[in-house]
Amino acid sequence: MSTIADNLSTLAARISAAAEAAGRAPSDIRLLAVSKTKPAAAVREAFAAGVRDVGENYLQEALNKQGELTDLPLTWHFIGPIQSNKTRAIAEHFDWVHSVDRLKIAQRLSEQRPDGLAPLNICLQVNVSGESSKSGCTPDELPALARAIVALPRLHLRGLMAIPEPTDDRTAQEAAFAQVRQLQAELDLALDTLSMGMSHDLEAAIAQGATWVRIGTALFGARDYGQP
Ligand SMILES: *Cc1c(COP(=O)(O)O)cnc(C)c1O
C-alpha cells in the first residue's frame, strides 16, 4: 500500500513532467491537498511529507480538523459550496476561498473578514460545463461579478477556479481549461491564479496554465463516503 509520502512524490513527478511539457517552471504550480472525508491524522502525515496547503469542502469537518492541527503552520483553503450562514466562520478560519460564485457571498466574506487578518484570497468559480454543474457563475456573469469583487475591501481577488465535467479525453479536458484561462485573460484584471485540475486531469490543467492543482484521491487514496 502506498503511503501519503509516496503519493506526494509521485504527484511531484507528474506536476514537474506536465510543467516541463508546457514550458513552465514546476515551481509555478502549487499543490492543494484536498482532505475532505480524511482524518486529521492523514493531514498530519501529509504535512510531514511537505504539504503546507489544505483544502476542505465542508465547514464543520474543516473546523474539527483545524482544531486537531493547531500546532501545524498550515494554510487552509475553503473549496466547497458556500451557504450564507457559513460565511462568518469561513472568513475567520480560512486564508483562501476558491468557490465564490455570487456577489452576496463575497460581500458577506468581506464584511466578516476580521481586521487583524490579511484580506481573504478569493477565486471566483466559473461553470464551463453548462447545465451539468450547478456550482459556479456563468461565463456571462463573470465580468460584472469580478469587477464587483475587486472593489470589496477585505477580499483579494486572485483568479478563477473551475471544475469541468470529468472526462478521460485529454482534448476535451484541455478545451475546458483553455476556456477558463481565456475568460481570465478577457477580464483584464491583475490576477495571478488559476485553480484547476484534480487527480485525473492535472496534466491538462497545467498545460493550460493552472497555478493550483487541487488533489484529493491521488494523495490520500479513494474517499469512502459511507464512513463518518
Ligand atoms: C474533492 C475535490 C477535489 C479533489 O478531487 P480528486 O479527484 O480526489 O483529486 C478538488 N476540488 C474540489 C472542489 C473538490 O471538491
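One-based numbering, in listed order, for ligands and for the atoms of each.
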### Query
Please, which pairs that meet side-chain hydrogen bond (donor to acceptor under 3.5 Å, both in side chains) have at least one residue in residues 188-197, sequence neighbours excluded?
His98-Ser195, Arg158-Asp192, Ser195-Arg214
### Query
Does the Thr10 side chain pair with the main chain of Asp6, one donor and one acceptor, at a distance under 3.5 Å?
yes
#### Entry: Glu20 side-chain N/O to Pro26 backbone N/O, donor-acceptor pair under 3.5 Å
no
Look at [atom] and say which protein heavy atom is nearest, naming residue and atom and giving the distance to 0.1 Å.
atom	value
atom 14 (C) of ligand 1	Lys36 NZ, 2.9 Å
atom 5 (O) of ligand 1	Met198 CE, 3.7 Å
atom 12 (C) of ligand 1	Ile79 CD1, 3.6 Å
atom 9 (O) of ligand 1	Ser199 OG, 2.5 Å
atom 8 (O) of ligand 1	Thr217 OG1, 2.5 Å

### Task
If you link ILVMFWY side chains whenever their heavy atoms are less than 4.5 Å apart, which other residues fall into the same cluster as Met198? By chain and number, please.
Met161, Ile163
### Message
Below 4.0 Å from ligand 1: does a non-hydrogen atom of Arg223 turn up there or not?
### Response
yes
### Message
Is it the case that the side chains of Gln60 and Asn64 hold a donor-acceptor pair, with the cut-off being a distance below 3.5 Å and no angle test?
### Response
yes
Could you tell me, atom by atom, which parts of ligand 1 come under 4.0 Å of a heavy atom of [X]?
X	answer
Arg214	4 (C), 9 (O), 10 (C), 11 (N), 12 (C), 13 (C)
Asn57	14 (C), 15 (O)
Ile215	9 (O)
Ile163	13 (C)

### Message
So for atom CG, which belongs to Asn85, do other residues, nucleotides or ligands contribute more than 12 heavy atoms lying within a distance under 6.0 Å?
### Response
yes
### Task
Check whether any side-chain heavy atom of Glu56 sits under 4.5 Å from a side-chain heavy atom of Gln66, and report yes or no.
no
### Query
How many angstroms lie between CG in Leu152 and CG in Leu103, if you round to the nearest 0.5 Å?
6.5 Å
### Query
For Gly216, is at least one N or O under 3.5 Å away from an N or O on ligand 1?
yes
